[in-house]
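Sequential numbering from 1 along the given sequence is applied to the chain's residues.
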Amino acid sequence: MQNQTGNLSTTVPAQPSTSELCQEYTYAIFYGAGMPLYAIVAILIISLFERRRYKSDVCYGKPGLPLPINFLDGTSNSVANAAAFGCTLQHLIVYLFYTELSVDRWLIGSVLFLLTFLAALVFYPIFACLNSSSRVMGSLIGFIYTILLTSVLFARSYICAALGWYWALYAVTLVSEIYILILFVYRFFTAIFKKSRFHKDHLVKIDQVLHVKTLLVAPKSNIEKSDIRQRLVSYSENVLAEAKLCCLHKSLYRCTTRTLAINTIVLLLFYYNFLVMIYLGEKIESSLSRLEAAFVSSRSINVSKHIAIFTDVIRASWMIGNILSAVYLITNMVLIYRSQRQHLMRRWRGDKSFIPSQCKLDHSEMLVKNLMYAGHQVSYLFGGYLLFQTVVIAFCLLLSYFCILPIMKKVPPEFLIPLEFVLPSVIFLFVLRFILRFTSSRVFLQNHYLSSDNGNHWEKALALDNRRVYQNLSFFLFFYYILTGFYRCTFRVLTSICINTFHIARMDKSLLIPGFERFDFGYMTYLGFLEVELHQCHPVVVVCCDLLMKSVNHLSSKPETSLESPMDAYKRNIMSKMYTRKVRNKWQKMKTLILNQNLCNESKSNVSVQQPRQAKLTL
């Protein structure tokens with residue numbers, strides 16, 4: 001029997017373990033030819049229902065290149081695209097945190113590019129179907145592909161025997177996939193029953209047209225309101241107007257698809273980090289509790305007491321760090337959106353005073369920076385969030401052990417020595433500064449009063465009195481300020497670290513001193529993005545191009561003209577005839593009136609300039 005058993009054990013192959021099966025399945029999905037092959041097939045099918053503009057007379061203009069997402073000036077399907085980015089969470093996590101690259105160090109950059117390309121290829125059909133011009137086939141193909149992707153990822157989670165916190169993470173992806181499936185079903189049935197027409201992309205949008213119309217209206221006279229009540233009312237109205245400019249508000253300044261995509265990816269990574277922090281917190285707390293029990297069993301009561309105190313400090317610091325870092329992340333998202341919108345509006349008006357003079361880019365470099373902006377903004381936000389969280393936790397630990405716990409007498413009083421050494425010196429510095437400022441205003445300044453720079457109050461002129469006393473005081477304080485300069489230097493470094501830590505997530509502000517902004521790659525990327533947005537999405541330019549193309553298409557019998565259509569001699573001749581002498585004269589007259597404001601009163605046709613002047617005269 002023993003020999004037969006031994007023979008059986010050698011002939012029957014061993015069953016693969018769960019970890020090996022999980023590893024093989026994961027490799028097949030994320031790194032093999034599994035989902036990328038299905039994605040290529042889906043992309044080829046979608047391209048058969050898209051029209052191309054290059055040689056559109058060949059094969060009825062098909063196949064064409066699908067449009068996955070409009071990062072330039074897109075505002076349609078913003079919520080659907082954000083939900084599609086929610087489906088990418090697992091792939092992002094696997095490629096960012098669980099990929100072990102066993103390749104030569106010289107090939108790491110190329111392998112990372114290949115992995116991110118595979119991730120983009122896997123989810124390309126979902127975005128292409130959401131933005132497809134064919135609602136029927138786009139919805140059908142998108143529904144089938146999303147079902148396939150959902151089943152594959154769900155099977156991986158089941159085979160790998162994922163933990164509880166991992167299922168909480170996968171719930172976000174599952175909710176996003178369910179929303180997209182419902183959206184595809186809704187679009188499919190509405191397209192079949194002809195309740196919705198095919199969407200045709202226009203160059204100009206209605207909000208851009210409304211913006212240009214408001215620019216052509218005569219400006220209102222701005223009367224300064226001296227009443228406090230009126231100021232409060234106007235300030236409240238401005239705050240409400242700012243609040244209305246949210247993601248779903250139908251205005252020109254609402255969040256674009258790019259902004260929603262950036263915020264969605266960052267929030268998903270924040271959610272993942274929050275779950276990981278909870279998981280690690282439980283592990284650390286259980287390890288410390290076991291260590292405390294071990295010292296209690298060995299009758300080391302003093303050590304176990306300090307471990308219990310350290311556990312409480314870690315728990316409190318962990319909680320405060322998570323809360324403040326979440327506030328930091330949301331605040332930076334709002335500030336970045338607000339600053340970006342204000343900078344774009346200033347560039348629309350031709351104001352570039354906020355851009356340093358040495359930060360110049362050529363056009364090709366601007367396009368490259370614009371390609372970098374969205375991905376870099378995600379990295380900057382998430383990296384700044386992690387750094388801020390680490391700094392807050394470290395600061396809470398230092399504050400607890402060097403200030404709070406020694407005062408509560410839960411740790412030895414030796415921990416209070418740094419505070420006892422630094423705090424009195426800092427207080428003395430501020431008291432001395434106040435005394436010197438009070439003495440300077442009473443003793444060293446003459447009694448000649450001038451209006452301050454802001455005009456709100458009167459102050460003494462900068463005329464010295466008692467010069468010998470001032471020179472003696474300067475001599476005695478010279479040696480003292482050499483010593484206190486070290487405190488000031490340390491305080492300067494800490495202040496710059498705190499400010500840069502808060503602004504490290506923002507690409508719209510340079511972290512370097514004036515004159516060296518061009519070495520801040522994040523800030524230069526933001527400037528390149530700003531210039532591309534200015535030239536490609538300016539409302540006045542877009543409306544003007546749309547009017548010109550409509551005029552050409554109205555006069556021409558050939559196919560419709562678009563921005564990508566080649567300009568032949570016939571169309572160029574038609575466009576040149578549109579600029580008549582009357583139009584040129586009106587343009588020259590307007591330019592003359594702008595350059596010579598004194599002629600506006602004598603111009604009978606310039607009503608928009610006369611109305612504000614008449615309003616000022618009546619006041």
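- Residues M333 and L267 form a side-chain contact, since some pair of their non-hydrogen atoms from C-beta on lies under 4.5 Å apart.
- Residues L361 and E531 fail the side-chain proximity criterion, which asks for heavy atoms closer than 4.5 Å.
- Using bins of under 30°, 30° to 60° and over 60° for the plane-to-plane angle, the ring pair Y373/Y526 lands in the tilted bin.
- Scanning for side-chain hydrogen bond (donor to acceptor under 3.5 Å, both in side chains) contacts around S317 gives an empty result, with sequence neighbours left out.
- Annotation: ring pair (Phe, Tyr, Trp, His ring centres under 6.0 Å) contacts of Y179 (sequence neighbours excluded): none.
- Applying the salt bridge (charged side-chain N to carboxylate O under 4.0 Å, His left out) test to every pair with at least one member in residues 270-279, sequence neighbours left out, gives no pairs at all.
- Taking the salt bridge (Lys or Arg N to Asp or Glu O under 4.0 Å) definition, one finds that D508 meets it with R506, sequence neighbours left out.
- For F354, the ring pair (Phe, Tyr, Trp, His ring centres under 6.0 Å) partners are H343, not counting sequence neighbours.
- Within the 6.0 Å centre-distance limit, the rings of Y328 and F502 are counted as a close aromatic pair.
- Pairs engaging residues 390-400 under the side-chain hydrogen bond (donor to acceptor under 3.5 Å, both in side chains) rule: none recorded [sequence neighbours left out].
- Annotation: side-chain hydrogen bond (donor to acceptor under 3.5 Å, both in side chains) contacts of S496 (sequence neighbours excluded): none.
- Within the 4.5 Å cutoff, no side-chain heavy atoms of Y385 are placed close to those of I504.
- At a threshold of 4.5 Å between non-hydrogen side-chain atoms, the residues I284 and W318 count as touching.
- Remark: Q389 pairs with N273, N322 by the side-chain hydrogen bond (donor to acceptor under 3.5 Å, both in side chains) rule, at least two apart or across chains.
- Shown here are the salt bridge (Lys or Arg N to Asp or Glu O under 4.0 Å) partners of E177, two or more places apart in sequence or in another chain: there are none.
- The ring pair (Phe, Tyr, Trp, His ring centres under 6.0 Å) check on Y124 picks up nothing, with sequence neighbours excluded.
- Remark: D312 engages R315 in a side-chain hydrogen bond (donor to acceptor under 3.5 Å, both in side chains) (not counting sequence neighbours).
- For F395, the CZ atom is loosely surrounded, since the number of other residues' heavy atoms within 6.0 Å does not exceed 12.
- More than 12 heavy atoms of other shown residues, nucleotides or ligands fall within 6.0 angstrom of atom OH in Y271.
- For F123 and F85, the ring centers are positioned 6.0 Å apart or more.
- K369 meets the salt bridge (Lys or Arg N to Asp or Glu O under 4.0 Å) test with E365; sequence neighbours excluded.
- Aromatic ring centres of F188 and F143: separated by at least 6.0 Å.
- Residues I404 and V313 fail the side-chain proximity criterion, which asks for heavy atoms closer than 4.5 Å.
- In this structure, the side chain of S339 does not engage the main chain of L335 through any donor-acceptor pair within 3.5 Å.
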